[in-house]
Amino acid sequence: MTAAGSEQRPQRRAGTFTLGVTLVAAGAAMLASWFWPGFQPQWLVNASPVILILLGIEVLIAAGGGGRVRYDWAGIILCFLITCAALAMYAAAWWFEANPYDFRQADHCSRMENETCYQMDYGYFNGYDSGTLSLKAGQVLLGEAGSDSGWLEVTVCDEDGETIWEQSPFEGRQRIEISRDGLYTVEVFGQRARGYFSFNVEG
């Protein structure tokens, strides 16, 4: 074997390391979402700029030489596809941030809402729902939730948007005292939940 051959090191194509890290992270997030109902995979989409950072580092290493990273036509195509995927994930994260309440899945669901009552019974609930109640100072809002599976987060806000009560996950019963007259919004976030919740004025 020649001296040049003994010094030759194996090469990898630019983009393969970034692709591997992305696949591992995506697979781990999918697995976690099955076994941890409260897991929010959206953080992975929000972290999509990290893909471009890793890819940029690979391209810079290839441009600097050294022989370990190859930047040929196949590498250019791979980098282009990874860049498009990262930009698409970023656009999706931006859309969900700007329109957080447009997504809801609910099956076998019965829902009731009026000025003093907001409740839902569901076979499957994934996403967001809300109800508005007209309450007076001194009243008590009774909240109750029961889940056969999944996870439920509830926030109660006054008409100024100030949070007066929140709990995650919410299960069992809760008494919420109302300090002033006004319209109150109950916001409910479900993560593959099955069960029910209700909010009613006491008495």
Going by heavy atoms in the side chains, are [X] and [Y] under 4.5 Å from each other?
| X | Y | value |
| --- | --- | --- |
| Gln119 | Phe199 | no |
| Ile82 | Leu19 | yes |
| Leu141 | Trp165 | no |
| Tyr118 | Val188 | yes |
| Val201 | Val140 | no |
| Leu152 | Pro169 | no |
| Tyr122 | Arg111 | no |
| Asn126 | Gln191 | yes |

- Please walk me through it: do Asn114 and Thr116 pass side-chain contact (heavy atoms from CB on, under 4.5 Å)? CA-CA 6 Å; Asn114 55 44; Thr116 59; 3.5 Å; yes
Distance, nearest 0.5 Å, that separates [atom1] of [X] from [atom2] of [Y]:
| X | Y | atom1 | atom2 | answer |
| --- | --- | --- | --- | --- |
| Gln139 | Ser134 | CD | OG | 8.0 Å |
| Ser147 | Tyr196 | OG | OH | 8.5 Å |
| Asp181 | Leu135 | CG | CG | 9.0 Å |
| Phe17 | Leu55 | CZ | CG | 11.5 Å |
| Met120 | Ser198 | CE | OG | 12.0 Å |
| Gln167 | Ile176 | CD | CD1 | 9.0 Å |

Closest heavy-atom contact between [X] and [Y]?
| X | Y | answer |
| --- | --- | --- |
| Cys157 | Glu187 | SG-OE1, 4.4 Å |
| Ala137 | Ser179 | CB-O, 3.5 Å |
| Ser48 | Met89 | CB-CB, 3.6 Å |
| Asp121 | Gly195 | OD1-O, 3.2 Å |
| Thr185 | Ser130 | CG2-CB, 4.2 Å |
| Thr18 | Leu54 | OG1-C, 3.4 Å |

- Query: Asn200 side chain to Leu142 main-chain N or O, any donor-acceptor pair under 3.5 Å?
  - Reply: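 A pair under 3.5 Å: no.
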- Measure up the Phe125 and Phe197 rings against each other and bin them: parallel (under 30°), tilted (30 to 60°), perpendicular (over 60°).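 Phe125 vs Phe197 ring planes: tilted.
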- Query: Considering residues at least two apart in sequence or located in another chain, which fulfil the salt bridge (charged side-chain N to carboxylate O under 4.0 Å, His left out) criterion with Arg180?
  - Reply: Asp158, Asp160
- Message: Using the rule given for side-chain contact (heavy atoms from CB on, under 4.5 Å), can you reason through Val156 versus Thr163, listing the C-alpha separation, both sets of side-chain angles and the distance that settles it, and then say yes or no?
- Response: CA-CA 6 Å; Val156 180; Thr163 299; over 6 Å; no
- Item | With sequence neighbours excluded, residues passing side chain to side chain contact (heavy atoms under 4.5 Å, CB included) with Glu159 | Leu183
